[in-house]
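First the structure, in the form of structure tokens, and then the observations on it.
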Amino acid sequence: MKDTIRKLVREAVETAMRKGALPPEAVDSFAVEVTRAKEPRFGDYATNAALVLAARAGMNPREVAGILTDNLSRGDVIEKAEVAGPGFINFFLTSKVWRDVLYSIHHARERYGHADPMNGPKVLLEFVSANPTGPLHVGHGRGAAVGDTLARLLKARGYRVETEYYVNDAGNQMRILGRSVLFRFRELRGETISFPDDHYRGSYIADLASEIMGTQLAEDLLSMTEEQAVDAVGRFACRRILDGIQNDLDFFGVSYDSYFSERTLYEHDKVAQTVEELRRRGRAEEKDGAIWFSMDSAEDDKDRVLVRATGEPTYFAADAAYHLDKLGRGYDLLIDIWGSDHHGYVPRVRAAIEALGYSPNALKVILVQFVTLVREGKKLSMSTRSGEFITLRDVLDEVGPDAARFFFLTKRADSHLDFDMDLAKKQSRDNPVYYVQYAHARVSSIFRIAAERGIDADLTDPDITALTLPEEQRLIKHLADYPDVLAEAAESVEPHRITFYLMDLAELFHAYYHDNRVLLEDPVVKKARLYLVEAVRLVVANGLRILGVAAPERM
RNA sequence: GCGCCCGUAGCUCAGCCGGAUAGAGCAACGGACUUCUAAUCCGUAGGUCACAGGUUCGAAUCCUGUCGGGCGUGCCA
């Protein structure tokens with residue numbers, strides 16, 4: 001809708017310019033901004049175009065606004081355009097526009113608000129990518145909800161999206177994992193071990209160790225060197241933990257197009273090649289026995305080690321190789337979703353990408369802030385040191401995937417999230433998940449009751465002019481916003497906007513439902529109202545589908 | 001020390017690519033169920049947008065500084 005109006009404003013600007021009413025240089029590169037009107041008396045939409053243009057044209061804003069409205073082609077879209085305040089132009093749209101909104105929702109259904117399929121940019125969206133050294137925690141869950149939703153949102157808007165999970169199954173931490181399990185295994189066999197502080201202490205480590213007991217692997221370990229044993233146990237543990245992670249993600253409703261193993265980067269010599277490429281481009285050099293990536297001071301504050309003096313590449317080197325590999329696969333854009341504790345890492349990776357000959361803008365990083373679990377009003381401490389923490393699975397088992405997903409998306413990604421366990425389980429207004437789902441269930445219920453009672457619920461040729469109530473108009477106008485919300489959420493990569501939109505829609509619907517009956521005697525009003533509430537149901541279902549949350553027909 | 005993010009109602013948060021009178025939910029208080037689900041609705045109250053400057057016709061929004069919170073600043077990942 002905003003696009004339509006934007007176009008009309010732009011045309012008005014061009015027309016006025018051609019007539020000489022506006023100086024041409026004023027409007028060269030000018031983005032028309034259209035917003036939803038805040039209040040009914042300001043119409044339906046507004047633009048600040050005249051205010052912006054006035055400064056450049058050296059004219060009075062209200063005068064510019066007048067010129068624009070004079071040159072505006074109203075067509076069958078705009079009923080009235082008036083200049084208001086300091087120079088806003090307020091647009092009142094025709095009733096035909098609002099009628100068409102309902103028609104197009106019923107026509108497009110689950111594709112309402114979606115863009116023409118698959119002609120947008122090719123995007124690789126990487127998210128979660130938790131190390132396979134332990135179960136997923138709640139923060140990973142938030143990243144998963146944001147990533148998975150974003151994937152569907154971008155697809156809905158025509159981006160060609162693929163999702164990937166980067167598995168850090170190489171290097172030092174795999175050795176630590178292997179040793180952690182191996183030590184527990186030896187303890188089980190009666191040896192006394194002094195367990196190192198920096199090793200993984202969670203109970204799942206001991207579980208893995210006891211799983212090894214009595215297997216072929218247990219026997220094979222006896223004849224291996226220490227290094228071989230650590231490697232073998234590490235691979236076993238990694239496999240098992242990754243299985244667990246995939247299981248949890250599956251339960252959460254999250255799936256990937258691909259998993260990418262860090263180990264394969266080494267097996268195919270990609271890390272060394274990347275370091276070599278950086279050397280060739282003069283961006284890496286040896287110093288103190290190590291190989292350093294030389295940073296432009298504009299990019300980051302210091303040089304970073306790529307290959308340690310021991311000859312072992314750093315995580316950074318592997319990550320540079322990984323991003324090079326991703327870019328080499330022909331994507332227009334890489335989106336990475338990271339925990340915000342990695343934010344210092346962004347300039348580094350971006351600099352590496354640029355040094356390897358790609359635009360630094362080819363990488364967009366979304367930083368997801370931490371989640372604090374709250375129960376009975378108290379924050380639950382997340383002790384990572386002991387390895388005993390509340391896992392994503394624990395939360396999913398307690399509140400269910402729908403509530404968890406929705407809650408993870410009730411805040412902007414970069415803001416701290418307090419996850420209230422009690423609230424997530426509550427079945428009332430306080431709980432936004434139920435509130436939105438209930439709107440869907442209520443509409444479904446109307447049609448169910450109609451069917452049960454033999455009431456005619458046919459929707460052909462509704463007379464929408466029968467929807468005369470102000471709250472009906474408000475509902476329709478909110479439904480009209482949905483495509484703009486999706487477009488803006490996709491463009492700004494902010495999936496939480498959908499959540500907020502749905503809560504607003506549910507609120508409007510519940511109030512309408514409360515005050516007005518749909519299944520009336522009057523066949524014309526009844527049909528029109530059925531047509532309206534079904535449109536509400538379709539949009540709620542549409543939005544929940546993008547969030548990956550169920551839209552139940554009864555609750 | 002330096003860098004990044006944050007500071008909006010008692011609480012949890014929207015709004016932040018400058019625009020018209022700063023919004024919502026919860027909690028508090030007061031109301032509404034013979035109706036298609038009360039898992040709902042209606043009303044009241046609640047604010048120096050951390051603070052101080054600056055830019056602008058106009059600042060919660062942009063810039064600078066101060067204070068407070070989080071994170072980062074490894075030849076860790």
Side-chain angles (χ1 to χ4, degrees), chain A residues 31 33 35 37-39 41-42 46-48 51-52 54-55 60-61 84-88 90 130-131 133 168 170-174 176 198 262 287-292 300-302 304-319 339-347 367 369-370 374 377 410-412 414-420 423 426-435 437-439 441-450 452-453 455 457 491-492 496-497 499-500 503-504 506-507 509-520 526 529-530 533 554-555:
Chain A
E33 193 177 301
T35 55
K38 281 187 192 168
E39 287 181 56
R41 68 190 172 95
F42 294 145
T47 183
N48 64 350
L51 290 158
V52 179
N60 176 312
F88 292 102
N90 293 331
N131 293 338
T133 54
N168 299 116
N172 198 34
Q173 62 173 346
M174 277 300 109
I176 294 177
D198 60 347
E262 180 186 4
K287 194 176 68 186
D288 304 329
I291 299 173
W292 297 70
D300 199 359
D301 47 358
K302 56 176 93 158
R304 303 289 172 177
V305 171
L306 289 161
V307 183
R308 301 178 180 93
T310 59
E312 189 175 14
T314 60
Y315 181 86
F316 174 48
D319 224 10
S340 64
D341 53 333
H342 287 69
H343 70 80
Y345 202 70
V346 177
L367 298 171
Q369 281 279 6
F370 291 125
V374 176
T410 54
K411 306 276 182 287
R412 281 170 35 186
D414 62 359
S415 117
H416 276 279
L417 173 64
D418 282 346
F419 191 112
D420 188 330
L423 181 59
K426 235 191 242 176
Q427 302 195 347
S428 71
R429 171 74 169 95
D430 324 3
N431 186 339
V433 196
Y434 283 93
Y435 190 70
Q437 286 182 319
Y438 188 41
R442 274 185 148 172
V443 178
S444 304
S445 162
I446 293 171
F447 282 92
R448 190 167 54 241
I449 294 285
E452 280 167 19
R453 299 185 187 168
I455 299 169
E491 197 187 343
S492 60
H496 75 278
R497 292 180 187 229
T499 321
F500 282 91
M503 291 191 283
D504 288 342
E507 188 169 17
F509 170 75
H510 284 307
Y512 175 68
Y513 176 95
H514 186 266
D515 294 340
N516 303 283
R517 285 186 64 77
V518 174
L519 298 175
L520 300 163
K526 179 187 68 179
R529 289 189 175 175
L530 280 170
V533 298
R554 58 187 346 145
M555 291 171 72

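Order of the sequence lines fixes the chain letters, A, B, ..., with proteins taken first and strands second; residue numbering starts at 1 for each chain.
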Would you measure the distance from the [atom1] atom in [N] across to the matching atom in [M] and give it in whole Å?
| N | M | atom1 | value |
| --- | --- | --- | --- |
| C57(B) | A50(B) | P | 25 Å |
| C63(B) | U48(B) | P | 25 Å |
| G68(B) | U8(B) | C1' | 15 Å |
| C26(B) | C5(B) | C1' | 26 Å |
| C41(B) | C33(B) | C1' | 10 Å |
| G53(B) | C29(B) | P | 40 Å |
| U40(B) | G25(B) | P | 13 Å |
| C62(B) | C6(B) | P | 9 Å |

Atom [atom1] of [X] to atom [atom2] of [N]: distance rounded to whole Å?
| X | N | atom1 | atom2 | value |
| --- | --- | --- | --- | --- |
| Asn172(A) | A77(B) | CG | P | 6 Å |
| Lys38(A) | G15(B) | NZ | P | 14 Å |
| Tyr434(A) | G25(B) | OH | C1' | 18 Å |
| Asp341(A) | U73(B) | CG | P | 9 Å |
| Ile176(A) | A77(B) | CD1 | P | 9 Å |
| Asn60(A) | G58(B) | CG | C1' | 14 Å |
| Met174(A) | A77(B) | CE | P | 12 Å |
| Arg497(A) | G15(B) | CZ | P | 6 Å |

Name the residue closer to the 5' end of RNA chain B, choosing between Ile446(A) and Gly85(A) according to the nucleotide with the nearest heavy atom.
Gly85(A)
Assuming nearest nucleotide by heavy-atom distance, tell me which of Thr310(A) and Pro86(A) is located more 5' along RNA chain B.
Pro86(A)
Got Thr133(A) and Met174(A) here, is their nearest side-chain heavy-atom distance under 4.5 Å?
yes
Report yes if the side chains of Leu519(A) and Leu530(A) come closer than 4.5 Å at any heavy-atom pair, otherwise no.
yes
Candidates C16(B), C76(B), A39(B) - which lies nearest the side chain of Met555(A):
A39(B)
Which is true for [X] with a 4.0 Å heavy-atom rule: it touches a base, it touches only sugar-phosphate, or it touches nothing?
| X | result |
| --- | --- |
| Asp319(A) | nothing |
| Asn90(A) | base |
| Leu519(A) | base |
| Tyr513(A) | base |
| Ala46(A) | base |
| Ala54(A) | nothing |
| Arg554(A) | base |

Secondary structure of RNA chain B per the Watson-Crick/G-U criterion (both distances under 3.5 Å; [ ] crossing, | other strand, . unpaired) is (((((((..((((.....[...)))).(((((.......))))).....(((((..]....))))))))))))....
Just jot down the salt bridge (Lys or Arg N to Asp or Glu O under 4.0 Å) partners of [X], sequence neighbours excluded, or say none.
| X | value |
| --- | --- |
| Arg308(A) | Glu312(A) |
| Arg529(A) | Glu472(A) |
| Asp515(A) | none |
| Lys287(A) | none |

Phosphate OP1/OP2 of C76(B) contacted by Arg308(A) side-chain N/O (<4.0 Å):
yes
Glu452(A) CD: over 12 foreign heavy atoms closer than 6.0 Å
yes
Candidates Arg412(A), His416(A), Lys411(A) - the one meeting side-chain hydrogen bond (donor to acceptor under 3.5 Å, both in side chains) with Asp414(A):
Arg412(A)
Residues in ring pair (Phe, Tyr, Trp, His ring centres under 6.0 Å) with [X], at least two apart?
| X | answer |
| --- | --- |
| Tyr435(A) | His510(A) |
| Phe42(A) | none |
| Phe509(A) | Tyr513(A) |
| His342(A) | none |

Sort me out a list of protein N/O and nucleotides 3-14 of chain B N/O pairs below 3.5 Å, or just none if empty.
residue, atom, partner, partner atom, Å
G3(B), N2, His343(A), NE2, 3.1
C13(B), OP1, His416(A), O, 2.9
A14(B), OP1, Arg412(A), N, 2.9
A14(B), OP1, Ser415(A), OG, 3.2

With centres under 5.5 Å and planes under 30° as the test, does Phe42(A) stack with A20(B)?
yes
Could you verify whether a donor N or O on one side chain and an acceptor N or O on the other, from Gln173(A) and Asn168(A), lie under 3.5 Å apart?
no
Below 3.5 Å between N/O atoms, which protein atoms pair up with nucleotides 41-43 of chain B? Just atom names and distances, please.
residue, atom, partner, partner atom, Å
C41(B), OP1, Tyr435(A), OH, 2.3
C41(B), OP2, Arg429(A), NE, 3.2
C41(B), O2', His514(A), ND1, 3.1

Phe316(A) meets the side-chain contact (heavy atoms from CB on, under 4.5 Å) criterion, sequence neighbours left out, with Phe293(A), Arg304(A), Leu306(A), Thr314(A), Tyr345(A), Arg348(A), Ala352(A)
Ignoring hydrogens and angles, does a donor from either the side chain of Asn48(A) or the base of A20(B) sit under 3.5 Å from an acceptor on the other?
no
